Amino acid sequence: MAHALSNTSIGFGPNSSVSKLVTAFKTARARRAIFAQTYSELANLNDRELADIGVARSNIRAIAKKHAESAL
C-alpha cells in the first residue's frame, strides 16, 4: 500500500493566499485613501484655481484615480 504525504499548508505565512489577500486589501485601502484625498483637494479648488493649474473640473476624478494608481 502506498502513502502520499503533502507538505502544503494553509496559514498566515508570507506566501499564503490569506497573506496575499490581506496585502491586496491593504493596498486597495491605501489607494482609495489617496484617491479620496486627491479628489477632495482638487474638488475644493474654485474654477480660477483649477484653471491656474490647467485642470478642468470634469477631469478631477480621472486625475485622482491616476494619482492613486501611480502612488503605490
Side-chain angles (χ1 to χ4, degrees):
M1 176 180 275
H3 295 281
L5 297 176
S6 174
N7 289 336
T8 61
S9 65
I10 298 174
F12 296 97
N15 293 325
S16 74
S17 59
V18 174
S19 177
K20 290 177 184 176
L21 183 63
V22 170
T23 301
F25 176 77
K26 287 180 180 180
T27 301
R29 193 168 134 188
R31 282 191 174 129
R32 180 65 185 165
I34 292 168
F35 170 86
Q37 181 179 0
T38 305
Y39 184 89
S40 175
E41 288 176 5
L42 290 173
N44 287 330
L45 296 176
N46 62 38
D47 291 336
R48 170 82 186 239
E49 292 167 328
L50 287 172
D52 287 345
I53 61 173
V55 173
R57 190 164 295 279
S58 61
N59 292 336
I60 291 175
R61 182 173 301 278
I63 291 168
K65 183 179 178 184
K66 184 176 180 181
H67 177 69
E69 289 172 354
S70 66
L72 297 176

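In this text, all values refer to a predicted model and were calculated from it rather than measured experimentally. Basis for what follows: all heavy atoms, side chains included, without hydrogens, waters or symmetry-related copies.
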*May I have the step-by-step check of side-chain contact (heavy atoms from CB on, under 4.5 Å) for Ser17 and Leu21, ending in yes or no?*
CA-CA 6 Å; Ser17 59; Leu21 183 63; over 6 Å; no

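- In this structure, Ile34 CD1 and His67 NE2 are separated by 6.0 Å, a value rounded to the nearest 0.5 Å.
- Here the shortest heavy-atom pairing between Leu72 and Thr27 reads CD1-O, 3.8 Å.
- The line from CZ of Arg31 to OG of Ser70 is 9.0 Å long, rounded to the nearest 0.5 Å.
- Looking only at side-chain heavy atoms (C-beta outward), Ile53 and Leu42 come within less than 4.5 Å of each other.
- Note that the NZ atom of Lys26 and the CZ atom of Arg29 stand 8.5 Å from one another [nearest 0.5 Å].
- In this structure, the side chain of Ser40 does not engage the main chain of Ala36 through any donor-acceptor pair within 3.5 Å.
- Heavy atoms from other residues, nucleotides or ligands lying under 6.0 Å from CZ of Arg32 number 12 at most.
- For the atom pair Lys66 NZ and Thr38 OG1, the distance stands at 13.0 Å (nearest 0.5 Å).
- For the pair Leu45 and Arg57, the tightest heavy-atom approach, listed with the atom from each and the gap, is O-NH2, 2.7 Å.
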*After noting the C-alpha distance and the side-chain angles of Glu69 and Phe35, does the key distance pass the side-chain contact (heavy atoms from CB on, under 4.5 Å) rule?*
CA-CA 8 Å; Glu69 289 172 354; Phe35 170 86; over 6 Å; no

